[in-house]
Amino acid sequence: MFNLLRMDLYRVRKSKSVYICFGILLAATAAIFGLLWLMAVPRGQELAVRAGMLTAAELAESSAILKGVDSLEMFRQTCLNGGTYNMVFGIWIMLFVCSDFQSGFIKNVMALHQNRWKYVGSKIVTAGIVDFCYLILHLLFTLLVNRLFGNMVPYAKLGPCVFYLSWAWLVTTAFAALVILICVLSRSVAAGAVGTVLFSSGVIVTMLYSLMNTFHMGSWLKYSIYLTLSMGPGEYTAWKDLYVYAVGAGFLILYTAVAGVVLRRRDI
């Protein structure tokens with residue numbers, strides 16, 4: 001598997017899509033900071049009022065937007081809670097995996113490495129490494145932009161940041177395994193893109209959650225990937241907060257195993 005992993009990491013380093021997707025995440029974060037600066041910071045509010053973006057009556061409400069928000073919460077709100085991160089990250093994974101099937105490169109890989117579990121394992125590890133780099137660099141960028149905007153929000157402590165990033169990395173890597181499963185199953189860019197958007201945006205989970213809650217049966221859906229990222233704890237306070245690790249590890253193992261079985265049972 002290490003030869004496959006080395007090859008995948010080399011492809012990632014030479015790929016343009018991995019940098020483009022990361023750039024999209026950073027651009028979205030910078031744009032949100034700019035918008036919040038106009039709405040919640042006095043100097044920005046003056047410019048917003050002059051430009052007609054805010055009325056005098058709206059100033060009081062907009063000033064309270066950042067109340068109780070720190071840098072970690074900003075990081076969550078700008079990318080992970082609404083599914084933006086998973087969508088952009090998932091699109092990159094879809095392009096990376098589906099390119100093997102679209103170009104026919106998968107046949108060469110399977111000719112040299114007949115154990116198809118190694119292929120799935122290599123893709124999961126590669127996704128995990130890219131995911132880790134994305135999250136760390138994105139958080140550092142959030143801190144930098146916050147500094148450039150005059151420390152709009154206070155900085156979070158190191159402990160909550162480490163706790164949140166560790167379980168968020170595990171859960172988002174599990175989502176990467178889901179995208180890989182969709183790509184291995186469909187071998188289609190279109191199907192991979194649709195599946196990535198539907199699951200990352202929470203459309204399916206939110207609809208099920210709303211429907212089943214009318215019958216008081218939707219509580220188990222809080223353990224889905226989408227709702228775990230949106231509702232998971234920002235810091236460790238009790239043993240019950242560790243459920244996020246179980247969610248991430250469980251889905252990661254499940255989707256990896258199913259992807260391996262599908263790849264073994266289908267012809268290339």
Side-chain angles (χ1 to χ4, degrees), residues 24-89 134-169 171-172 200-203 205-206 209-210 213 218-219 221-244 247:
I24 291 172
L25 290 172
L26 300 189
T29 299
I32 292 173
F33 263 92
L35 182 61
L36 290 174
W37 182 79
L38 289 171
M39 297 179 65
V41 178
R43 187 178 174 186
Q45 288 176 334
E46 293 179 8
L47 295 176
V49 170
R50 291 176 189 174
M53 297 176 61
L54 285 176
T55 64
E58 294 172 332
L59 286 179
E61 294 182 4
S62 62
S63 298
I65 292 178
L66 297 179
K67 185 177 180 180
V69 176
D70 60 14
S71 57
L72 180 59
E73 185 63 23
M74 278 289 289
F75 173 69
R76 290 189 64 163
Q77 295 293 339
T78 54
C79 69
L80 282 164
N81 283 13
T84 302
Y85 179 86
N86 270 352
M87 183 179 298
V88 176
F89 178 50
Y134 267 24
L135 289 173
I136 296 297
L137 293 176
H138 197 170
L139 177 60
L140 293 176
F141 180 78
T142 301
L143 299 178
L144 174 62
V145 174
N146 185 49
R147 177 69 176 175
L148 293 176
F149 277 94
N151 294 329
M152 286 172 45
V153 295
Y155 291 99
K157 295 180 180 179
L158 180 60
C161 290
V162 173
F163 172 73
Y164 176 73
L165 284 178
S166 62
W167 72 257
W169 171 78
V171 174
T172 49
S200 64
S201 63
V203 172
V205 173
T206 303
Y209 190 69
S210 300
N213 260 354
S219 59
L221 281 169
K222 72 177 184 178
Y223 300 111
S224 64
I225 289 177
Y226 177 80
L227 291 182
T228 297
L229 284 174
S230 298
M231 302 166 59
E235 61 179 319
Y236 175 76
T237 58
W239 283 101
K240 64 180 181 179
D241 293 331
L242 299 180
Y243 82 92
V244 289
V247 171

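Just so it is clear, the model here is predicted, and its values are computed rather than measured.
- Ser71 meets the side chain to side chain donor-acceptor pair (under 3.5 Å) test with no other residue; sequence neighbours excluded.
- Residues satisfying the side chain to side chain donor-acceptor pair (under 3.5 Å) criterion with Glu235, sequence neighbours excluded, are absent altogether.
- With rounding to the nearest 0.5 angstrom, the CG atom of Asn146 is 9.5 Å from the CG atom of Asp70.
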>> Show, in sequence, the C-alpha distance, side-chain angles and deciding distance for Leu36 and Phe149, and conclude whether the side-chain contact (heavy atoms from CB on, under 4.5 Å) test is met.
In response: CA-CA 10 Å; Leu36 290 174; Phe149 277 94; over 6 Å; no
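- Aromatic ring orientation, His138 versus Phe141: tilted (interplanar angle from 30° to 60°).
- Contact check for Leu135 versus Tyr85: side-chain heavy atoms found under the 4.5 Å cut-off.
- Summarising the geometry, atom OH belonging to Tyr236 is positioned 8.0 Å from atom CZ belonging to Phe163; distances are rounded to the nearest 0.5 Å.
- Looking only at side-chain heavy atoms (C-beta outward), Pro233 and Tyr243 come within less than 4.5 Å of each other.
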Donor-acceptor contacts, no H, no angles, side chain residues 72-82, under 3.5 Å, sequence neighbours left out:
from: Glu73; atom 1: OE2; to: Gln77; atom 2: NE2; distance (Å): 2.7
from: Arg76; atom 1: NE; to: Asn81; atom 2: OD1; distance (Å): 3.2
from: Arg76; atom 1: NH1; to: Gly232; atom 2: O; distance (Å): 2.9
from: Arg76; atom 1: NH2; to: Leu229; atom 2: O; distance (Å): 3.0
from: Arg76; atom 1: NH2; to: Gly232; atom 2: O; distance (Å): 3.1
from: Thr78; atom 1: OG1; to: Met74; atom 2: O; distance (Å): 2.8
from: Thr78; atom 1: OG1; to: Phe75; atom 2: O; distance (Å): 3.2

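- Between atom OG of residue Ser224 and atom OH of residue Tyr209 there is a gap of 9.0 Å, rounded to the nearest 0.5 Å.
- Taking each heavy atom of Val88 and Ile24 in turn, the nearest pair found is CG2-CG2, 4.3 Å.
- Nearest heavy-atom pair, Lys222 versus Thr228, reported as atom, atom and distance to 0.1 Å: O-OG1, 3.3 Å.
- Judged as a side chain to side chain donor-acceptor pair (under 3.5 Å), and not counting sequence neighbours, the contacts of Thr172 are Asp131.
- Leu144 meets the side-chain contact (heavy atoms from CB on, under 4.5 Å) test with Leu148; sequence neighbours excluded.
- For the pair Asp241 and Thr237, the tightest heavy-atom approach, listed with the atom from each and the gap, is OD2-OG1, 2.5 Å.
- Applying the side-chain contact (heavy atoms from CB on, under 4.5 Å) test to Ser166 and every residue at least two apart in sequence or in another chain returns Tyr245.
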> Between Arg147 and Tyr155, does a side-chain contact (heavy atoms from CB on, under 4.5 Å) hold up when you go through it step by step?
Replying inline: CA-CA 10 Å; Arg147 177 69 176 175; Tyr155 291 99; 3.5 Å; yes
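- The distance from atom OG of Ser230 to atom CD1 of Ile225, rounded to the nearest 0.5 Å, is 11.5 Å.
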